Every structure is written in C-alpha cells, then in structure tokens.
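Letters A, B, ... are given to chains in the order of the sequence lines, protein chains preceding strands, and every chain is numbered from 1. All values below come from the heavy atoms of this structure, side chains included, with hydrogens, waters and symmetry mates left out. Because the structure is a prediction, the values reported are computed rather than measured.
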Number of protein chains: 2
Amino acid sequence: MATIYDVSVLAGVSLATVSRVMNKNAKVSEKTAQKVQDAMKQLGYRPNAIAQSLASNRSNSVGILVSELHGPFYGSMMSGIEAELRTAEKHVIIAAGHSEEALEKEGIEFLISRRCDALILHVEAVSDEYLVELVKGDIPIVLINRYIAEIADHCISLNNELGGYYATKALLEKGHRQFAYISGPSWKMDAQERLKGHQRALKEFNVSYNDALTYEGDYQETSGSQGTSYLLEQSRPFTALVCANDEMALGAMTVLREKGIRVPDDISLMGFDNIFFSQFIHPKLSTVDYPIKQMGKMAACWTLKHTFNQAEHDITHIFTPSVVIRDSTQAV
Amino acid sequence: MATIYDVSVLAGVSLATVSRVMNKNAKVSEKTAQKVQDAMKQLGYRPNAIAQSLASNRSNSVGILVSELHGPFYGSMMSGIEAELRTAEKHVIIAAGHSEEALEKEGIEFLISRRCDALILHVEAVSDEYLVELVKGDIPIVLINRYIAEIADHCISLNNELGGYYATKALLEKGHRQFAYISGPSWKMDAQERLKGHQRALKEFNVSYNDALTYEGDYQETSGSQGTSYLLEQSRPFTALVCANDEMALGAMTVLREKGIRVPDDISLMGFDNIFFSQFIHPKLSTVDYPIKQMGKMAACWTLKHTFNQAEHDITHIFTPSVVIRDSTQAV
DNA sequence: TTGTATGCGTTATCAC
DNA sequence: GTGATAACGCATACAA
C-alpha cells in the first residue's frame, strides 16, 4: 500500500508538501498541488488513518457503546447518531456492552484505546462512580439514557419516571382500577424509574399497588409472554396490563390472544418506547414515545460541540416522554 | 495519558521489557514482570491501540459494512458477527453504507484506512467489478448476501432464488393459483433473485405471471402497505400475496386488516427473512427463513480462518433457505 | 532475560 | 511556498 513517502518521491516534492495538499491547511502552489494529486491518483494512495491519528492525536471518529447491536431501540439510537455525525464527516466506531459490567468496561477501554475523539455511551451495568471518574478523563463523554446528577451536563436522558406515570395515568383516566405490571430487570435504572412512575400514578388515584400482580421481565418478547401467563394464573382480575417496553407488550399480546382474551375489550394493554413496529401490530399498540432517535442525534450534537467546537448546537439534556394512544387501550 | 515509556521509567526497566509483559510473547522474569504490572496499575496505563496497530501492522479488529445500523436484518447480522468475534477477542468496527454507491465506497475506504485486519461487507450498490478488484488487495474481504462467481470463496450468501421459489411453491401446493407479488427494489440482486424464484415456481405449475399484480417496494413496511393498496385497486382477484420480505408483509397485513380482508381466510400472506418479530405478529407470519445470524457468524469464522489463521473453521458458502409455515397461509 | 535502536506513516515545527 | 526533521506510542530485530 502506497505511503505518503511514495507519493512525495513520484511527485518530486517533500513529505511535508504532500501532507499539505492532503489537508489543505497551508498554501501550496497550484502547480505542485496538481503534481501531487496526480501522483496520489496514480499510486492509488489512501492515507493511513492510523498514522494520522497517532501523529495528530485525533481520529475524526466517535465511539459508541450500546448494549446490543440488534433490537429496534439500539438500532434507532445508532442510526440517529450516525446520521448526524455523517453530515459532519465524522465516523462512528461501535462496540457492544451486553449489559455486563466487565464487557461494558472492556468496550469503553477499546474505544478509548482506539483514540476516539469522543464517546457516546449507553451503559447499564457500570456504576455511577465509575462514570463520574471516567468523565474526568481527557476524552469527552456523553451518556445516553442515564442521569447522574454530578455530571448532568454529560447526560442525555429521558424522564422515565414521568413516562411510567403517564402510561398508567392514561389508563386510570379511562377508568381502569385493576392493574397488572410487567417490569424490566429491576437492576436497570430505567426499569426502576418506570415502575416508580407507575406506582405514583396509582397512588394519585388511590389505587393500591399490588405486588402479586407485578412480574419482572427482561425487556424481551419472551418474558412478556411468560409474565402474562404468570399474571393470568394469579387469578386476581385486572383490566389493564402495563408493560415496561413494547417488546414485552408484544409478547403479552400474543399470549392474551392465545388464551382468547381480547385486547382491548377484555384487557387494555400499554407499552413503552414506541418502537417502529408498534404501529404495525394488531391491535396497534398504545405506548409511551421514547424519542431515542432524536436523543441519539442530540448526543451526536453534543460531541460535535464539545470535541469539534461546533458551538452552534443547543443541547437538550432531558427529554420528556409523551403518551401515544392507539388501539390496544380503551375505557373500562 | 500514560505511555509505555512512563511505565518503563517507573518500573526501572526498558521499553522493550514493558512491551514484552504486555504481549506475553517473550520470556520475562517473574520479578520484573511484577514490577511492570505494578507500574502499569499505578499509572492507570492503557496501551494505545493506534500506536500498536501502526507498529505491528495489525489491529485485532474486523470492519463491518452494513447498509443500515437499524432493522432486524442488519441487527441480527451484526450480532452474529460480533458474538463470534468476541470469543476470539477480536473487535468490530461498524460503518453504514446506506445502499448508496458513494457511501459504500467511502465506508470501505474508512475501514481500510483504519487498518482493519479483515472486512465483512454487506454491500448492494457497488459493482461486481469493484468488489473483484477490492478482493485482490492485501486485506481479506468476505461478502455477505452476495454471490460473485469469480470470487465465490469470498462470498457467504443465501440462495435467494430458491427461497423465492419455495415461498411461492408452498402456496401453489396449497392450491393457490392467483398471485400478487410485492418485490424489493429491482436494482437489488436479492430482490431480483427472489422474484425469479417466484416466477419459476409459477411456471412450474403452469400459472402465468402477471406483471400487473406485481408491485415494486423498497423492503420497508410502508411500501408493503402502499403496494397492497395498489394491488387491491387493480381489481384483479388474487388469493395469495407474496412479499419479498417480512417488513413489507407486515405493512401488507396492516392494510388488509383495515380493508376488512381476512388473513389467511381471504388472502394468504407470505413473507421472507423470518425476522424475529414475524412470530409475534398476528396472524403469525408464514415466511422463508433467512439464517442471517448464522451467516454473520460464518462470515466471522471466515475472517478468523483467513486472517488469524484459525484453520479449524469449516466454511459454508451458500446457505439454503427453508419455508416456515405459520398462520398467515392456508389452503384455498 | 533484558536493553538498544530503528521503523511504522503521518503531522507539525521549524527553518529556508 | 517548500523542505528537513522531530515527534506520536509502540513492536521488534539485533545485541548484550
């Protein structure tokens, strides 16, 4: 693979000059520039980004850590980030943390070791302290879907508690008083918050929260199905089933249908996230909108502002969820 | 950020020794090794992967190019690749090509410039010639979902034509004789192949292919909806609707339901890909299984074999699709 | 077993 | 405007 040196020889100029025409950061005469361009083309020269990074101490890339590479949620997030960064001619480097502390740390190490100019992290397993410490380092870091007071200006998050509150309140206002709830993993902050919001809404309407009608899922379809089966077996009647995310709501819907329970006639079903598919399933799922794509975009803007000094971006740190009522809920 | 030099000074040894204990590739006495480890810990030393790459000419990472970062198809593919590579302690660098020639080339350039040790490409817009040429370069490249005869051993692909054939044949065997078809973008190879398979099956059963009952979609839900509306307007009856992928089938299902047309009672619906969601929608979608996750895994194995000399992997180059009959199809 | 010296492909700071 | 040349942080052949 041709190097800058080869180009300089062929063009009959110095290394420095070749570098200059590549980066257009200094005056080079029209004539020599042309010679260099020709030489580059002739050799099929491609700059070695690794060497560039080492020498310049910047890589024009931002690292992204997500829990999983699949799934509608992370997909939207990655797309939102990438789209914004691409317009700024920055690249993304993606790693997966799999919601495990060791892997999340390893992923972060990897991204730092690759000398990303900034990091966008969706982490769930590492501690607040670790993150606070990390942020003190010399590489700009922004957290997505996580709020830590001490480093609030590094956080782009959704008010999950409010979302949980809205979801349940919407049902309460439709007259529902008997609730079942399928939560996310209790160790995940967002799952906790959403449940808290659910409970707050219940309290506000003087409906007692029933622990026996709460099931802890893992945010996947299958656990939504299992949870629903479990809840139905409790033989305590409920008219509304709130799920902590759309995937589990989908699993729930499948089981309800199998058991001949009609949605929303017999049971109203509420999801969370508003993943793209939720509007295509039947009945169309009522849910809470999580503007993850915009948040990804915002995180990308944050990095542009803090790393690449594009000061024109206004950053929204906390996003507010909104209820989307479709066909899976009705008044009781 | 501490460098290897700082560590060597603190530990009172040479640069080379520090390098040795990092890479464990040469004998170092227990004692000095310990000193070095301590120094590294004390300084919070992290090796600079960029510098390592430059010096050693390998990066322990493989580059992946996908069309989009979102969507169930690419999500599964990326996950499959990453899972396999992680067990081999290799990292993954992902870029998006957005099915546009310029962006795909740019993405490839990026990955090469980052000195990935190998590339796994899902490209749709670049030409065969370009790829053949690319493969001649010094970096190992494997293509996923694309078959080019000249470089067949670099391809991991599905027999899309056969999939299309199976899909339609399954319906024909159930007695259907009036078909409508929603295809993918006609410039995409896999869309062409699937359509060909569809036509072959029809021919085999002496059913004439009707151009007026074919709609070209873009593989997205929305186009499935649009296509279905269009086909219905043709007022030429059909009992079976074959979609070139599951997302479009989902869009189709939504429209059919809105128009009061029952699936499968009035119209049988067939998808393609067997995305995870297809088993959770109602009625459960009959489809053609595209083992994209395993194919991703296989592509990863290919790179391990060709780049990192892990010869133990047996590579399957062409995967065979299989029909999955669920609830959206029935005999006529 | 350990140290020295050189090179990897660029950028950037000087001079001229 | 252009050309030497010293970094950048590490790996590695060669010595010791």
Side-chain angles (χ1 to χ4, degrees), chain A residues 1-37 39-40 43-61 109-117 137-139, chain B residues 1-37 39-40 43-61 109-117 137-139:
Chain A
M1 197 154 289
T3 73
I4 196 174
Y5 176 76
D6 303 325
V7 177
S8 74
V9 171
L10 182 58
V13 300
S14 74
L15 285 181
T17 301
V18 178
S19 178
R20 288 189 184 103
V21 348
M22 285 183 51
N23 300 308
K24 314 176 195 299
N25 52 9
K27 293 276 163 239
V28 178
S29 81
E30 190 68 34
K31 224 174 74 185
T32 50
Q34 194 55 50
K35 279 194 300 186
V36 173
Q37 307 267 24
M40 295 202 296
L43 292 171
Y45 170 73
R46 294 170 178 154
N48 182 329
I50 295 290
Q52 287 179 314
S53 292
L54 189 61
S56 67
N57 203 30
R58 38 201 336 296
S59 61
N60 282 311
S61 69
E109 293 288 322
F110 169 69
L111 295 172
I112 293 180
S113 77
R114 303 292 304 184
R115 292 299 184 271
C116 295
D117 294 327
D138 11 44
I139 159 171
Chain B
M1 198 155 288
T3 74
I4 197 174
Y5 176 77
D6 303 324
V7 176
S8 75
V9 170
L10 181 58
V13 299
S14 74
L15 285 180
T17 303
V18 177
S19 177
R20 289 188 186 104
V21 349
M22 286 183 50
N23 300 311
K24 313 177 197 300
N25 53 7
K27 292 280 164 235
V28 178
S29 82
E30 189 69 33
K31 225 175 74 185
T32 49
Q34 193 55 53
K35 280 195 300 186
V36 173
Q37 306 268 22
M40 295 204 296
L43 291 171
Y45 170 73
R46 294 171 177 151
N48 182 328
I50 295 291
Q52 287 179 316
S53 294
L54 188 61
S56 68
N57 203 29
R58 38 199 338 297
S59 62
N60 283 310
S61 68
E109 291 289 322
F110 169 70
L111 295 172
I112 293 180
S113 77
R114 303 295 302 183
R115 291 300 184 269
C116 295
D117 294 327
D138 11 44
I139 160 171

Do [X] and [Y] come close enough that some side-chain heavy atom pair is under 4.5 Å?
| X | Y | answer |
| --- | --- | --- |
| A:F110 | B:R46 | no |
| A:E109 | A:R114 | no |
| B:S8 | B:S14 | no |
| B:L10 | B:V7 | no |

In whole Å, I'd like the distance from the [atom1] atom of [X] to the [atom2] atom of [N].
| X | N | atom1 | atom2 | answer |
| --- | --- | --- | --- | --- |
| B:D6 | D:dC8 | CG | P | 11 Å |
| A:I50 | D:dA11 | CD1 | P | 13 Å |
| A:L43 | C:dG9 | CG | P | 14 Å |
| B:K24 | D:dT12 | NZ | P | 15 Å |
| A:Q52 | D:dG9 | CD | P | 17 Å |
| B:Q34 | C:dT1 | CD | C1' | 17 Å |

Would you say [N] has OP1 or OP2 under 4.0 Å from some side-chain N or O of [X]?
| X | N | result |
| --- | --- | --- |
| A:T17 | D:dG3 | yes |
| B:Y45 | D:dC10 | yes |
| B:T3 | D:dC8 | no |
| A:N23 | C:dT11 | yes |

Options [options], nucleotide nearest the side-chain atoms of [X]:
| X | options | result |
| --- | --- | --- |
| A:S19 | C:dT10, D:dC10, C:dT11 | C:dT11 |
| B:A16 | C:dT1, D:dT12, C:dA12 | D:dT12 |
| B:S29 | C:dT2, C:dT11, C:dA12 | C:dT2 |
| B:A51 | D:dT12, D:dA11, D:dG9 | D:dG9 |
| A:V28 | D:dT2, D:dC10, C:dT11 | D:dT2 |
| A:I4 | C:dT11, D:dC10, C:dT1 | C:dT11 |
| B:S14 | D:dG3, D:dG9, C:dT4 | C:dT4 |

Which atom of B:S59 lies closest to which atom of B:R115, heavy atoms considered: OG-O, 2.7 Å
Whichever of A:A26 and A:L15 has its nearest DNA chain D nucleotide further upstream toward 5':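 Result: A:A26.
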DNA chain C-proximal residues of residues 53-60 of chain B, any heavy atom under 4.0 Å: B:L54, B:A55
Sugar-phosphate only, base, or nothing, as touched by A:R46 at under 4.0 Å among non-hydrogen atoms: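 Contact class for A:R46: sugar-phosphate only.
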Touch class at under 4.0 angstrom, heavy-atom based, for B:V18 against every strand present: nothing
Those residues that, when tested against B:S19, pass side chain to side chain contact (heavy atoms under 4.5 Å, CB included) (two or more places apart):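 With sequence neighbours excluded, B:S19 shows a side chain to side chain contact (heavy atoms under 4.5 Å, CB included) to B:I4, B:N23, given in chain and number order.
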Rounded distance [0.5 Å steps], CG in B:D117 versus OG in B:S53: 7.5 Å
Point-to-point distance, once rounded to the nearest 0.5 Å, from NZ of B:K31 to CD of B:Q34: 12.0 Å
D:dG3 base / A:R20 side chain donor-acceptor hit below 3.5 Å: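 Side chain to base: pair present.
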